[in-house]
Enquirer: 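Got a structure here, written out as structure tokens. Questions coming.
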Amino acid sequence: MTAVAQAVTDLLLSRIRDVPDYPKPGVLFKDITPLLADPEAFTALTDVLAGLCSAHGATKIVGLEARGFILAAPVAVRAGLGFIPVRKAGKLPGATLRQAYELEYGTAEIEVHAEDLDAGDRVMVIDDVLATGGTAEASIELIRRAGAEVAGVAVLMELGFLPGRARLEPALNGAPLTALITV
């Protein structure tokens with residue numbers, strides 16, 4: 001890691017607050033709101049993610065509901081690319097593609113507007129945290145069902161003690177998965 005990359009990582013880490021016992025006892029929640037409130041840190045994060053989009057040849061950016069929207073939208077603006085929201089089922093009007101996925105205790109569904117992705121698009125998926133990988137895996141499936149290609153997945157934080165990376169690797173089919181911070 002270069003000195004500049006280490007400085008950015010240190011800056012980002014310094015702005016992530018640990019909240020013990022949230023949302024339930026025994027959980028150490030990683031709160032990114034201090035990072036978002038700091039213009040230097042938020043700009044650094046946006047620049048790094050925009051650079052990844054450029055390096056991987058992305059033509060569009062998907063942000064995953066809800067915190068992924070906060071990160072992905074400014075990255076799309078900075079990179080000069082379109083932003084596509086992937087939402088919980090039932091939140092988008094019009095024609096959508098829907099994908100179900102497994103949660104720890106049940107299932108959920110996400111959607112994307114069918115017309116927002118085209119064959120030939122190279123799509124970067126951006127989210128705040130990679131935990132179990134279910135939402136990211138479902139978004140990859142939606143992107144491919146729309147006829148587009150996955151340029152990669154980028155997250156601010158990866159919870160390394162959970163199986164998200166292992167779950168995503170087969171779905172990525174060689175596309176890169178970048179976590180700026182692993183905890």
Side-chain angles (χ1 to χ4, degrees), residues 1-24 26-88 110 122-140 143 150-169 171-172 174-183:
M1 181 178 291
T2 68
V4 171
Q6 186 61 55
V8 169
T9 299
D10 291 346
L11 173 63
L12 298 177
L13 275 170
S14 75
R15 301 306 189 270
I16 297 170
R17 178 175 57 136
D18 288 343
V19 181
D21 299 320
Y22 183 83
K24 62 184 185 178
V27 173
L28 181 63
F29 184 78
K30 299 292 188 179
D31 181 13
I32 68 167
T33 58
L35 186 157
L36 300 173
D38 180 320
E40 179 187 4
F42 196 15
T43 298
L45 173 60
T46 300
D47 288 346
V48 168
L49 292 173
L52 287 171
C53 292
S54 176
H56 298 306
T59 60
K60 290 188 179 164
I61 296 174
V62 155
L64 304 182
E65 188 167 342
R67 288 182 303 267
F69 295 174
I70 298 167
L71 303 184
V75 170
V77 170
R78 178 68 47 94
L81 302 174
F83 169 72
I84 314 296
V86 169
R87 306 254 359 233
K88 294 174 184 171
I110 56 174
R122 288 185 47 80
V123 182
M124 180 67 80
V125 177
I126 294 179
D127 204 4
D128 64 329
V129 174
L130 174 62
T132 62
T135 308
E137 181 183 44
S139 72
I140 288 169
I143 291 164
V150 177
V153 174
V155 296
L156 169 59
M157 274 185 295
E158 177 179 355
L159 305 181
F161 55 89
L162 292 175
R165 183 172 290 269
R167 179 178 184 169
L168 271 188
E169 283 183 349
L172 286 165
L177 167 57
T178 305
L180 303 182
I181 297 167
T182 301
V183 294

Enquirer: For Asp21, which residues count as a side chain to side chain donor-acceptor pair (under 3.5 Å) partner, sequence neighbours excluded?
Expert: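 Per chain and number, Asp21 pairs via side chain to side chain donor-acceptor pair (under 3.5 Å) with no residue.
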Enquirer: Heavy atoms only: give me the nearest Phe83-Ala72 pair and the separation to one decimal.
Expert: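 Heavy atoms only, the tightest pair is CE1-CB, 3.5 Å.
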Enquirer: Of all the heavy-atom pairs spanning Leu49 and Ala154, show the shortest one and how long it is.
Expert: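 Looks like CD2-CB, 3.8 Å.
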Enquirer: When the side chains of residues 5-13 are checked against the rest of the protein, which donor-acceptor pairs come out under 3.5 Å, sequence neighbours left out?
Expert:
residue : atom : partner : partner atom : Å
Gln6    : NE2  : Asp10   : OD1          : 2.7
Thr9    : OG1  : Ala5    : O            : 3.0

Enquirer: Can you name the side chain to side chain donor-acceptor pair (under 3.5 Å) partners of Glu169, sequence neighbours left out?
Expert: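 Partners of Glu169 under the side chain to side chain donor-acceptor pair (under 3.5 Å) test: none.
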Enquirer: Between Asp38 and Pro34, is there a side-chain heavy-atom distance shorter than 4.5 Å?
Expert: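 Pro34 vs Asp38: side chains apart.
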Enquirer: For residues Pro74 and Ile70, report the shortest heavy-atom separation together with the two atoms involved.
Expert: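 Of all heavy-atom pairs spanning Pro74 and Ile70, the closest is CD-O, 3.1 Å.
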Enquirer: Do Leu180 and Leu52 come within less than 4.5 Å of each other through their side chains, counting heavy atoms only?
Expert: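 They are in side-chain contact.
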Enquirer: What distance separates Leu71 CG from Ile126 CD1, expressed to the nearest 0.5 Å?
Expert: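 So the gap between those two atoms works out to 7.5 Å.
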Enquirer: Which residues satisfy the side chain to side chain donor-acceptor pair (under 3.5 Å) test with Glu40, sequence neighbours excluded?
Expert: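 Counting only residues at least two positions away or on another chain, Glu40 forms no side chain to side chain donor-acceptor pair (under 3.5 Å).
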Enquirer: Donor-acceptor pair, distance only, cut-off 3.5 Å: does the side chain of Arg122 make one with the backbone of Gly57?
Expert: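 Side chain of Arg122 to backbone of Gly57, a donor-acceptor pair under 3.5 Å: yes, one is there.
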Enquirer: Identify the heavy atoms of Ile143 and Val150 that sit nearest to each other, and give their distance.
Expert: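 Minimum heavy-atom separation between Ile143 and Val150: CG2-CG2, 3.9 Å.
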Enquirer: Compare all side-chain heavy atoms of Val75 with those of Leu45 and state whether any distance is below 4.5 angstrom.
Expert: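 Counting from C-beta outward, Val75 and Leu45 never come under 4.5 Å.
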Enquirer: Distance check, rounded to the nearest 0.5 Å: Leu156 atom CG versus Leu130 atom CG?
Expert: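 The CG atom of Leu156 sits 11.5 Å away from the CG atom of Leu130.
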Enquirer: Could you work out, with salt bridge (charged side-chain N to carboxylate O under 4.0 Å, His left out) as the rule, every residue matching Asp18, not counting sequence neighbours?
Expert: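 Lys30.
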Enquirer: Looking only at heavy atoms, which two atoms of Ala131 and Leu162 are closest? And how far apart?
Expert: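 Looks like O-CB, 3.6 Å.
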Enquirer: Would you check if Val129 and Ile32 make a side-chain contact, meaning some heavy-atom pair closer than 4.5 Å?
Expert: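 The answer is no, as the side chains (C-beta and beyond) never meet within the 4.5 Å cut-off.
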Enquirer: Would one find more than 12 heavy atoms of other residues, nucleotides or ligands at under 6.0 Å from atom CZ of Arg67?
Expert: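 Not buried by this count: 12 neighbours or fewer within 6.0 Å.
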Enquirer: Kindly write out the residues that satisfy side chain to side chain contact (heavy atoms under 4.5 Å, CB included) with Ala58, not counting sequence neighbours, or none if the list is empty.
Expert: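 Partners of Ala58 by the side chain to side chain contact (heavy atoms under 4.5 Å, CB included) criterion, ordered by chain and then number, come out as Cys53, Leu81, Met124, Ala151.
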Enquirer: Quick check: closest heavy atoms across Val183 and Ile181, and the distance to 0.1 Å?
Expert: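 That closest heavy-atom pairing would be CG1-CG2, 3.9 Å.
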Enquirer: Could you tell me which residues satisfy side chain to side chain donor-acceptor pair (under 3.5 Å) with Ser139, sequence neighbours excluded, listed by chain and number?
Expert: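 Ser139: no side chain to side chain donor-acceptor pair (under 3.5 Å) contacts found.
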Enquirer: Mind checking salt bridge (charged side-chain N to carboxylate O under 4.0 Å, His left out) for Lys60 and listing every partner two or more places apart, or none if nothing turns up?
Expert: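 Salt bridge (charged side-chain N to carboxylate O under 4.0 Å, His left out) check on Lys60 returns Asp118, Asp121.
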Enquirer: Only counting residues at least two apart or in another chain, list the ones meeting side chain to side chain contact (heavy atoms under 4.5 Å, CB included) with Val19.
Expert: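 Only Arg17, Tyr22, Phe29, Asp31 meet the side chain to side chain contact (heavy atoms under 4.5 Å, CB included) criterion with Val19.
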Enquirer: How would you list, by chain and number, every residue that makes a side chain to side chain contact (heavy atoms under 4.5 Å, CB included) with Ser54, sequence neighbours excluded?
Expert: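 Counting only residues at least two positions away or on another chain, Ser54 forms no side chain to side chain contact (heavy atoms under 4.5 Å, CB included).
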Enquirer: Taking only residues two or more places apart in sequence, or in another chain, which ones meet Ala179 in a side chain to side chain contact (heavy atoms under 4.5 Å, CB included)?
Expert: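 Once residues adjacent in sequence are excluded, the partners of Ala179 under the side chain to side chain contact (heavy atoms under 4.5 Å, CB included) criterion are Val155, Glu158, Arg165, Thr182.
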